[in-house]
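Report on the following structure.
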2 protein chains.
Amino acid sequence: MKRRQSTITDIAKNLKIAPSTVSRALKDSPSISKDTKEAVNRVAKELNYKPNMLAVSLLNKETKIIGVMVPEITSYFFATIINGIQDLLDEAGYKLIICQSNESYEEEQKLIDTLSLSQVDGLLVSPASKTSDFSHFENFRAAGMPVVIFDRDCPDFEADKVLVDDYDGALQAVSYLLASGCRRIAHIAGPQNLTTCQHRKQGYLDALTSFEGATLEPLIVEVEGFTSDFGEQGMEHLLEQGDYPDAIFAINDAVAIGAMAIIRKKDLKIPDDISVVGFDDEPYSQYFHPSLTTVWQPVYDLGVLSARLLLKQLRQTSEVSPISYRFELLKPELILRDSSKKIPMD
Amino acid sequence: MKRRQSTITDIAKNLKIAPSTVSRALKDSPSISKDTKEAVNRVAKELNYKPNMLAVSLLNKETKIIGVMVPEITSYFFATIINGIQDLLDEAGYKLIICQSNESYEEEQKLIDTLSLSQVDGLLVSPASKTSDFSHFENFRAAGMPVVIFDRDCPDFEADKVLVDDYDGALQAVSYLLASGCRRIAHIAGPQNLTTCQHRKQGYLDALTSFEGATLEPLIVEVEGFTSDFGEQGMEHLLEQGDYPDAIFAINDAVAIGAMAIIRKKDLKIPDDISVVGFDDEPYSQYFHPSLTTVWQPVYDLGVLSARLLLKQLRQTSEVSPISYRFELLKPELILRDSSKKIPMD
DNA sequence: CTGTTAGCGCCTTCAG
DNA sequence: CTGAAGGCGCTAACAG
């Protein structure tokens with residue numbers, strides 16, 4: 001039972017008229033008589049006619065499909081960004097092909113190639129953490145298709161970008177920890193080839209050095225991933241070094257959660273012995289015990305905005321590509337919960 | 001700068017040979033001389049030639065794209081199923097278009113229609129909770145494209161199906177609670193138009209009635225969704241009725257987490273006053289305090305298996321559609337953690 | 001108002 | 001070994 005759909009020609013034959021007439025009738029063109037239109041629509045329904053987008057796309061040179069490349073979709077973070085993207089692009093009549101690089105440069109390259117062959121109309125990318133060469137993005141764009149980068153920056157690659165002010169988020173978090181009385185604040189940092197992680201670390205460092213009253217030593221352990229087991233590892237490292245920290249600023253919530261598990265195992269109290277702050281505000285974070293203080297990011301909006309920028313490029317029909325790219329930096333927000341201490345009143 | 005890619009014809013003109021020769025040379029056909037092949041490949045590289053899959057698809061009547069329809073992707077559960085699907089389908093050279101119905105029947109219908117127009121080669125569906133009429137699946141399949149249903153059953157719609165034995169999972173969970181000494185076990189049930197939720201409820205009921213020694217009254221509250229706030233709502237309902245339960249079997253982990261928050265708010269101890277068991281084993285569940293006893297499902301495998309069945313159908317080139325469909329029922333597994341009591345030894 | 005022609009990019013006959 | 005012709009399903013331009 002090979003796929004056999006009825007075509008415009010089938011309708012035309014059935015009615016003994018020209019295919020072009022059928023085509024026009026179906027689009028309700030004003031230059032077609034009521035009678036033929038009715039007849040065409042009737043037969044179309046009878047034959048269960050469905051237009052073949054492939055043929056249309058080939059003709060129009062546009063597929064109305066957008067490629068979305070993320071490191072992974074199992075995290076709430078990227079899944080929610082995708083929701084934002086989808087909601088906006090749906091309205092504009094675009095479909096999405098979602099690809100996961102699994103943080104691998106090779107896979108990312110391969111997938112972008114496939115997307116390119118599939119003639120997607122544009123690309124939204126959050127690059128893999130292992131990606132440092134961006135020629136595959138350049139190649140993609142060279143074919144005349146717009147690209148928007150979101151969440152993770154690619155230095156050296158000029159494009160529309162929508163990022164979160166990670167530096168500011170870290171600054172807020174660590175400044176708060178300082179204000180709440182913590183003085184030995186450790187940072188469980190993420191992979192430093194990601195600007196996101198660099199910026200959070202820098203925010204942490206700058207908060208420490210700008211603190212008046214004492215010289216605070218940074219205390220950093222770097223982990224390679226974003227899941228809770230890395231949080232456990234990182235925390236164990238920190239505790240092995242003796243001289244416990246009195247606060248942890250973790251690269252994200254999952255890592256913070258892992259750290260909390262280790263802290264609890266040592267019978268230390270959160271936040272009394274050690275405060276913990278995460279990043280992301282995942283839906284579960286408020287349900288932990290104690291509930292997790294964290295830095296919220298406008299995730300959904302990040303998706304919407306990225307999609308909006310892409311649409312804008314898409315609509316600059318032909319036109320010379322804009323020399324200046326847009327750069328959006330969204331503001332994160334510290335959410336205070338019970339894993340951090342209150343600021344003393346005195 | 002409208003998209004302008006070089007075509008086979010461009011190469012042909014450049015070399016003053018026929019397009020068909022170029023086509024053959026590019027596919028390394030044995031009936032082409034070494035010299036022309038080399039020349040063609042050289043020019044192809046020069047012009048940065050990329051085959052246009054659209055044209056190929058139109059000709060072959062296959063796009064190598066599979067549609068995947070899930071209620072939502074922000075949950076770990078569906079995201080992981082998708083990973084399974086993708087890993088298998090990638091190998092076979094298929095791309096995925098992922099769609100979210102947001103549990104809405106209308107959106108589901110609309111999206112399946114779009115997928116159909118886009119000429120996807122097949123469809124993997126986990127239907128929306130509001131879906132009870134399956135004619136849109138039938139229509140899709142009527143065009144000769146294979147369909148596989150996963151995770152959520154559609155009674156009345158015959159197809160290859162890969163499901164989890166929810167009944168058994170519930171039975172395991174509630175039997176354990178009974179064995180651990182609980183006698184007043186409540187169930188926070190999910191939307192009853194989903195067979196998944198029906199089966200879990202039935203497993204709960206049957207565990208109660210098959211208990212020897214006392215007649216146990218079921219205690220059920222039904223919620224409309226799968227997020228933690230529904231868990232909070234459900235738990236509040238239960239506690240309002242006075243005569244507190246000594247265990248909660250929640251429809252899933254997120255709901256269980258919400259319930260735990262309310263229990264804690266009432267200063268009741270988990271598991272001493274009330275045991276809690278969830279369903280899904282989300283990655284965070286082991287990090288809750290107390291860690292959550294739950295029913296694990298072979299999520300990734302569910303994706304892989306579904307994809308495998310679809311591939312099998314895809315490979316039955318043409319052939320009459322199989323009269324008998326496959327039905328796979330995967331076994332879940334109870335994971336014991338600290339939110340439930342140990343079975344007394346005596 | 002309708003039909004004819006041509007072509008999107010590619011491949012597969014059929015003829016040399 | 002290579003070229004010419006035809007067609008996948010659809011639409012736009014040009015004729016009536």
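First the proteins, then the strands, lettered A, B, ... as listed; each starts at 1. Since the structure is predicted, the reported quantities are computational estimates derived from the model, not experimental observations.
Residue S33(B) has a polar side-chain atom (N or O) positioned under 4.0 Å from OP1 or OP2 of dT2(D). Side-chain nitrogen and oxygen atoms of T36(B) include at least one within less than 4.0 Å of the OP1 or OP2 phosphate oxygen of dT2(D). OP1 or OP2 of dT11(D) sits under 4.0 Å from a side-chain N or O of S23(A). Dashed line: the shortest gap from a side-chain N or O of T9(B) to OP1 or OP2 of dC10(C) is not under 4.0 Å.
Per the geometry, CD1 belonging to I17(B) stands 8 Å off P belonging to dT2(D), to the nearest Å. Distance N60(A) CG to dG7(C) P: 17 Å, rounded to the nearest Å. In this structure, K27(B) places its NZ atom 17 Å from P of dG9(C), rounding to the nearest Å. We find that CZ of R24(A) is positioned 8 Å from P of dG3(C), with the value rounded to whole Å. Distance D35(A) CG to dT2(C) C1': 14 Å, rounded to the nearest Å. In this structure, CG of L26(A) is placed 11 Å from C1' of dC10(D), rounded to the nearest angstrom. In this structure, the NZ atom of K61(A) is 20 Å from the P atom of dG9(D), given to the nearest Å. Atom C1' of nucleotide dG9(C) and atom CG of L47(B) are separated by 15 Å, given to the nearest angstrom.
Looking at E138(A) and R141(A), a side-chain N of the basic residue comes within less than 4.0 Å of a carboxylate O on the acidic one, giving a salt bridge.
Residue contacts shown for P51(A) are limited to sugar-phosphate atoms, with no base heavy atom under 4.0 Å away. Among the atoms of the strands shown, only primed sugar atoms or phosphate atoms (P, OP1, OP2) are found under 4.0 Å from some heavy atom of T7(B). In this structure, L59(B) reaches the bases: a heavy-atom distance under 4.0 Å links it to at least one base atom across the strands shown.
Residue whose closest nucleotide on DNA chain C sits further toward the 5' end, between A55(A) and T21(A): T21(A).
With hydrogens and angles left out, the side-chain atoms of Q5(A) and N52(A) include no donor and acceptor closer than 3.5 Å. Side-chain atoms of S101(A) and S104(A) include no donor-acceptor pair closer than 3.5 Å.
Although no hydrogens or angles enter the test, the distance criterion places a donor-acceptor pair under 3.5 Å between the side chain of E103(A) and the main chain of S129(A).
You won't find any donor-acceptor pair under 3.5 Å spanning the side chain of S20(B) and the base of dA5(D), going by distance alone.
By the 6.0 Å and 45° rule, K161(B) does not stack over the aromatic ring of F327(B).
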